There are 4 protein chains.
Amino acid sequence: MVDRFNNRKIINDPIYGFIRVPSSLIYKIIDHPFFQRLRRIKQTGFTSLVYPGANHTRFQHSLGAMDLMRRAISALRNKGYEITEEEEHAALIAILLHDIGHGPFSHSLEHSIVKDVSHEELSILFMKRINKEFDGELDLAIQIFEGTYKKKFLHQLVSSQLDMDRLDYLKRDSFYTGVSEGVVSVDRIISMLEVVNDELAVEQKGIYNIENFIVARRLMYWQVYLHKTVIVSETLLINILLRARELVHNGVEVWATPALKYFLKKHYNKEDFQDLSVLTMFSQLDDYDVMISIKQWLNHPDKILSMLADNIINRKLPAIILQKDHFKIDEIIKLRKRASQLYDISEEEVDYIINYDHTSNLAYNPELGRINILFRDGHVEDVSNAADQLNISVLSHSVVKHFLIYPKELRD
Amino acid sequence: MVDRFNNRKIINDPIYGFIRVPSSLIYKIIDHPFFQRLRRIKQTGFTSLVYPGANHTRFQHSLGAMDLMRRAISALRNKGYEITEEEEHAALIAILLHDIGHGPFSHSLEHSIVKDVSHEELSILFMKRINKEFDGELDLAIQIFEGTYKKKFLHQLVSSQLDMDRLDYLKRDSFYTGVSEGVVSVDRIISMLEVVNDELAVEQKGIYNIENFIVARRLMYWQVYLHKTVIVSETLLINILLRARELVHNGVEVWATPALKYFLKKHYNKEDFQDLSVLTMFSQLDDYDVMISIKQWLNHPDKILSMLADNIINRKLPAIILQKDHFKIDEIIKLRKRASQLYDISEEEVDYIINYDHTSNLAYNPELGRINILFRDGHVEDVSNAADQLNISVLSHSVVKHFLIYPKELRD
Amino acid sequence: MVDRFNNRKIINDPIYGFIRVPSSLIYKIIDHPFFQRLRRIKQTGFTSLVYPGANHTRFQHSLGAMDLMRRAISALRNKGYEITEEEEHAALIAILLHDIGHGPFSHSLEHSIVKDVSHEELSILFMKRINKEFDGELDLAIQIFEGTYKKKFLHQLVSSQLDMDRLDYLKRDSFYTGVSEGVVSVDRIISMLEVVNDELAVEQKGIYNIENFIVARRLMYWQVYLHKTVIVSETLLINILLRARELVHNGVEVWATPALKYFLKKHYNKEDFQDLSVLTMFSQLDDYDVMISIKQWLNHPDKILSMLADNIINRKLPAIILQKDHFKIDEIIKLRKRASQLYDISEEEVDYIINYDHTSNLAYNPELGRINILFRDGHVEDVSNAADQLNISVLSHSVVKHFLIYPKELRD
Amino acid sequence: MVDRFNNRKIINDPIYGFIRVPSSLIYKIIDHPFFQRLRRIKQTGFTSLVYPGANHTRFQHSLGAMDLMRRAISALRNKGYEITEEEEHAALIAILLHDIGHGPFSHSLEHSIVKDVSHEELSILFMKRINKEFDGELDLAIQIFEGTYKKKFLHQLVSSQLDMDRLDYLKRDSFYTGVSEGVVSVDRIISMLEVVNDELAVEQKGIYNIENFIVARRLMYWQVYLHKTVIVSETLLINILLRARELVHNGVEVWATPALKYFLKKHYNKEDFQDLSVLTMFSQLDDYDVMISIKQWLNHPDKILSMLADNIINRKLPAIILQKDHFKIDEIIKLRKRASQLYDISEEEVDYIINYDHTSNLAYNPELGRINILFRDGHVEDVSNAADQLNISVLSHSVVKHFLIYPKELRD
């Protein structure tokens with residue numbers, strides 16, 4: 001039985017007002033160091049370099065998503081769909097912990113020093129570890145999270161194209177960045193949820209809201225998540241961490257916080273993370289470790305490391321060109337040569353300061369599961385077929401952008 | 001010279017905070033009975049039947065649009081485009097008065113008792129009349145409004161696909177209905193305005209905002225402006241006014257307020273409105289005349305008129321089916337027959353209670369003028385070509401929906 | 001048993017997002033013509049002359065207060081206080097109907113043509129009438145409304161110094177006027193409600209919120225409800241109605257809508273309102289009747305009536321002086337003489353255009369019931385004793401302001 | 001002459017929408033490492049432990065205050081007060097830099113390792129340093145900041161009981177914590193500013209807004225700034241830093257980031273900070289240094305240091321009692337004894353885990369300069385005399401609260 005305890009624990013949230021902590025178990029999970037660390041991990045990493053208001057953390061987002069889950073379940077129950085108290089409780093825990101595997105600046109970390117484990121895999125490792133501490137009380141939550149529980153729609157509320165995660169982060173990131181177009185009518189979408197054949201669906205009249213949701217998400221991608229400055233900063237961080245690791249491997253002294261040092265010194269693969277000591281060390285890594293170490297590297301004798309550190313700490317960002325087309329290979333070669341000469345560094349080292357790559361965004365990806373529209377006559381259709389005009393199929397083609405990053409000094 | 005007087009007149013607005021009245025002439029225009037009447041005309045007519053918060057008036061909208069104009073001009077000046085103080089003042093007046101020709105429930109009126117004059121034409125008539133009273137001080141404003149002034153972009157700020165009118169009404173209607181997806185980032189769009197070859201354009205990086213603006217507008221159309229209940233109510237009002245006029249013409253006594261009676265008794269065409277007495281009479285017609293007269297008709301001996309009045313006053317709305325396809329003609333004929341029998345009315349009279357028609361919406365209509373995107377290299381392109389993915393061309397095809405309205409009692 | 005029916009009826013509200021209609025009975029009550037008329041009665045009467053955004057209606061406010069009641073009951077239940085489903089349902093109905101007795105421009109009406117019956121009394125009459133139609137289903141709601149039900153705190157949620165009525169109207173009026181200081185943290189206050197000895201109380205830590213609530217309410221009084229322009233307009237309306245009634249009584253023809261005519265012709269006292277036909281006639285009176293009639297009086301041959309009508313319709317408001325001290329009687333006499341001469345009217349008639357009176361506000365009136373603070377040690381104290389500093393007792397003394405209204409032409 | 005450059009630099013702010021960077025000099029100041037560091041210093045320190053949304057930084061606040069200054073100056077100019085472009089520019093810089101002297105967790109730092117220099121003094125040191133780099137371009141800004149410039153009201157806009165600093169931080173902290181009652185009508189207050197005898201004043205009709213501002217500020221004090229958890233955390237941090245310093249002085253190895261180590265090792269007084277190297281070192285100290293060092297101390301062999309670190313990092317906060325009265329001395333002695341035994345620490349060391357002290361708040365302190373109300377007849381009065389009822393004098397008495405902090409294990 002779910003211990004609803006006094007039900008008086010309430011957390012303020014600038015967006016939703018108040019978030020009630022629904023049980024004493026959940027209260028204890030929130031209090032767990034694994035969860036408390038999310039207070040020290042920003043939701044949108046370097047985005048605050050462009051949008052100074054965006055300092056919100058994964059801690060807030062996780063609580064917010066939990067509150068949306070509560071509302072979604074209440075809305076579904078009001079429509080007559082059966083969800084037991086245990087299932088609700090487990091779904092709340094599953095969404096609360098969906099991001100617990102995130103490290104600091106996730107994207108950059110996953111491209112540099114924590115390459116072999118995705119944050120989803122880490123989330124499961126953390127959940128299992130907490131589950132052990134709480135004598136199996138998270139069993140059902142883990143099943144829902146992993147999608148093995150019979151009521152599939154509960155998993156979809158946690159993770160799908162229209163899950164509580166996305167609803168919360170769009171609304172929250174939009175709120176904190178001040179990019180008002182990202183606003184999604186969370187209440188309206190939740191009020192239109194249905195379950196058909198054990199899968200989530202949306203009432204027909206919600207179709208324009210879903211379109212708007214997909215378009216808003218796309219806008220947030222290009223205007224926030226893949227903003228030039230964000231791409232530059234994330235690339236910079238990858239370069240910094242790779243350079244630091246290289247130096248460490250070469251025996252050069254590199255000051256770092258213990259947790260960061262641990263992951264600079266040695267590469268850990270998926271298996272290694274099964275080891276509690278590795279997981280625990282990872283749990284001690286947060287934004288503070290990364291930023292403070294880089295701050296020290298401002299004065300590191302390695303000129304590449306110190307230059308990159310200066311770029312990010314004092315916001316002296318390199319130039320970036322973002323375009324639809326590929327860059328011409330000979331222009332890049334020329335640029336690299338000039339860099340090599342100007343900074344007196346080797347060809348390999350140029351990799352740390354000149355980057356060409358691409359990024360892409362797919363507003364609606366039906367391959368990752370569909371958004372179903374439930375029509376009045378009872379039939380169900382994928383939103384990209386159902387929408388009357390805004391050919392959502394148009395939105396389900398990937399947009400690719402190529403980018404080239406290089407020091408401003410190299411500008412002609 | 002523009003008399004900026006003490007500049008202390010400030011009007012509270014729930015959306016923008018404070019709106020400053022920029023000159024004593026504008027203060028006098030706002031005080032004019034022609035303008036004050038806009039206080040008694042709701043911006044979105046019967047929308048409040050669906051969204052009870054939507055009681056805002058054309059008065060507020062006009063002030064709001066004026067404030068956006070002030071900001072747009074300030075943004076353009078900051079970028080170095082020259083706009084004289086006189087031009088600014090005239091543009092402010094032009095946008096302030098852009099809706100002054102609206103009668104109550106404009107759409108329904110234009111389909112029943114005021115058929116020959118559009119609200120745009122009436123706006124010009126009102127402006128010219130006010131201009132006479134103020135000894136020609138509105139000359140330049142009228143030129144801008146009519147598009148005859150040399151700086152074409154000033155006219156576009158008043159009336160185009162991206163004018164201050166649209167920016168304000170989308171934001172305002174979204175605010176008052178509570179349909180949050182209609183939110184448009186007015187500040188951002190304004191900050192991205194440019195002028196190229198004397199035409200308005202938008203900086204390249206604003207492209208996603210423009211897409212969002214177009215999609216938001218479409219959503220507002222289907223969710224608010226063309227909401228089923230709104231279509232039903234507007235059709236009801238057309239029927240009511242037509243029936244009342246028919247009765248009057250047949251010599252039946254029909255109570256009505258003087259202003260409404262005037263337009264029920266006789267049809268006035270475009271020429272007639274040149275006559276000050278007709279225009280003045282029109283200026284005395286507002287929401288109150290229409291609603292109060294219908295309220296009296298609740299007890300009118302004509303059963304059709306009283307039934308229709310009951311439908312609207314006590315919100316006993318008829319049924320509506322809205323669909324992509326045409327309705328089958330023989331089903332309509334059957335329905336009409338049953339209505340004729342049930343209510344014991346003639347075939348012609350059935351027209352007042354069964355309506356089939358269609359409505360359509362075009363999110364972006366390039367034929368009405370384009371939204372230009374200014375690229376970094378200086379060239380300009382229409383947004384429907386410029387958008388990388390959300391084929392705006394998709395949005396520039398009209399969506400047509402057919403509807404059938406009939407008394408609920410006729411449901412099988 | 002409460003029929004929760006499909007629970008899918010949802011009403012948009014710009015402030016709370018969505019308001020769910022909690023039962024089919026309540027749905028029917030909302031649909032009742034007595035309730036639908038509240039759509040045509042503005043919550044804050046002439047306030048829109050100062051704050052053009054304030055066009056919200058008693059309809060919205062009633063729904064909003066109902067939603068707060070739902071939340072308050074949920075919060076109390078979460079704390080372990082027992083409230084049955086029937087009691088909840090009845091409390092929701094009681095608050096929904098708490099304002100149903102309001103006529104248009106209540107304050108002015110109660111000082112002119114509907115003098116003997118308060119709106120509270122009318123609310124009860126309407127509730128009993130609806131109760132009859134619904135075969136006694138409102139019995140419990142009426143008991144709660146009247147305060148005769150055993151659980152006294154339910155009545156206090158409907159009507160007390162900290163009831164859902166006040167919480168909603170402060171928040172709503174603040175929202176629509178744009179006077180942001182009126183903002184009250186409705187969620188926080190509701191989350192801090194307790195019940196002690198069958199009376200509402202507020203947790204100790206909510207003490208600053210209560211102080212803020214009282215101060216915000218006071219601010220709203222002077223800045224909105226008793227704003228000079230509002231006082232002037234309400235006085236004007238009283239004068240207009242009194243003048244019109246006098247003319248009617250003297251046999252002068254005065255155009256008016258039937259419902260208004262009914263109350264101009266004859267005075268009805270408390271007993272009369274027991275008569276269904278009087279109550280029904282009252283139910284047909286709304287803002288539209290008043291405004292449209294005044295609009296016609298612009299051209300009435302009686303110069304006093306037409307002047308007053310012009311004052312209000314075209315916003316040519318008389319002057320007002322608002323001050324702490326009494327006005328000097330001989331100055332008023334002089335002013336009245338000049339008015340009598342200037343307009344060539346009798347001494348008695350001057351009463352219609354020169355008014356001196358006073359208004360007062362009491363931010364916290366402990367005589368109308370107290371706001372109790374529940375301390376951690378279990379004892380309860382009145383907030384004016386409990387507050388540590390902002391001597392609320394200071395706020396519980398009435399503030400009186402005297403005002404003098406007179407035509408601007410009489411200014412020296 | 002102020003170089004307004006292209007004026008296209010715009011910064012998003014969730015509260016104000018867009019903040020324009022008004023000149024290229026200001027752009028360069030914002031880019032300066034001294035200013036960029038404010039990105040890494042939270043505005044409200046440990047408040048996020050209670051209000052998880054409160055992660056906003058002094059960087060945002062400084063920009064916000066600058067924007068309010070721009071609006072205030074524009075409002076004053078509109079009323080005819082002369083402010084030259086140079087003065088405006090200087091005032092913008094002065095307010096932008098008013099907080100630049102803040103270190104991380106200012107309050108705690110000033111009570112532990114940076115005791116002799118206030119953040120105001122540091123702000124001036126930083127400003128003078130930047131002024132040197134920019135060849136004296138900040139001369140006027142510094143005069144305004146220090147209050148030596150002839151137009152005294154410009155200084156008051158930067159620093160007084162009603163300065164742009166307070167207006168912004170109340171609004172901002174209220175926004176980010178979600179404590180809606182802290183909301184202050186910034187626009188309204190600014191629109192009511194006047195200058196009388198070279199001093200700021202507020203129009204008479206703004207009196208209720210000022211009262212509300214003072215009450216809101218008081219509420220924010222008790223609900224946010226002096227929230228129990230905040231007091232506990234700040235005290236904890238003081239204890240931690242003092243303990244760490246003691247250990248360092250005793251030769252115990254204590255890991256710390258270089259900047260923090262610098263200030264743990266040696267005490268620097270006011271004179272020392274004149275030295276650029278000390279100031280520079282201070283400029284390298286931010287929230288990250290403090291938090292990361294504490295995180296490492298979780299595993300420090302000193303049991304006091306590690307216990308305190310655990311308290312803050314994993315949010316295992318000690319108990320706190322906050323009350324109006326003094327604590328009884330013998331109870332404290334008993335408590336200390338038990339702590340000494342339980343943790344096996346010396347009497348002196350108990351100081352690190354048991355603290356009794358007091359905190360106080362004065363909502364309106366006329367000794368720090370008054371808030372003047374300008375009456376219609378031209379005379380000026382202090383708001384505490386002018387307010388008609390809410391005896392602001394009541395609010396100008398200090399409220400003192402005593403607190404006792406001790407480990408939860410010591411609870412009986």
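Per chain, numbering begins at 1; letters A, B, ... match sequence-line order. The structure displayed is predicted, hence computed values, not measured ones.
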When only pairs under 4.5 Å are counted, which of A:Pro33, A:Gly178, A:Pro52 shares the most heavy-atom pairs with chain D?
A:Pro52

Note: D:Asp286 and A:Ile292 closest approach over all heavy atoms is OD1-CD1, 4.3 Å

A:Leu49 versus chain D, the contacting section by heavy-atom distance below 4.5 Å:
both

Which portion of A:Thr177 sits near chain D, non-hydrogen atoms under 4.5 angstrom
backbone

Working to the nearest 0.5 Å, report the span between CD1 of A:Ile11 and OH of D:Tyr51.
12.0 Å

Are more than 12 heavy atoms from other residues, nucleotides or ligands located less than 6.0 Å from atom NZ of A:Lys303?
yes

Shortest non-hydrogen pair, D:Gln296 vs A:Asp289, comes out as NE2-OD2, 4.3 Å

Within residues 310-319 of chain D, which residues come under 4.5 Å of chain A, heavy atom to heavy atom?
D:Ile313, D:Asn314, D:Arg315

Among A:His56, A:Lys42, A:His32, A:Arg40, single out the residue with the greatest number of heavy-atom pairs under 4.5 Å to chain D.
A:Arg40

Ring centers of D:Tyr176, A:Phe175 separated by less than 6.0 Å
no

Using the side-chain hydrogen bond (donor to acceptor under 3.5 Å, both in side chains) rule, pick out the option among D:Gln60, D:Gln43, D:Arg39 that qualifies with A:Asn55.
D:Gln60

Turns out that what part of D:Arg172 lies under 4.5 Å from chain A's heavy atoms comes down to neither

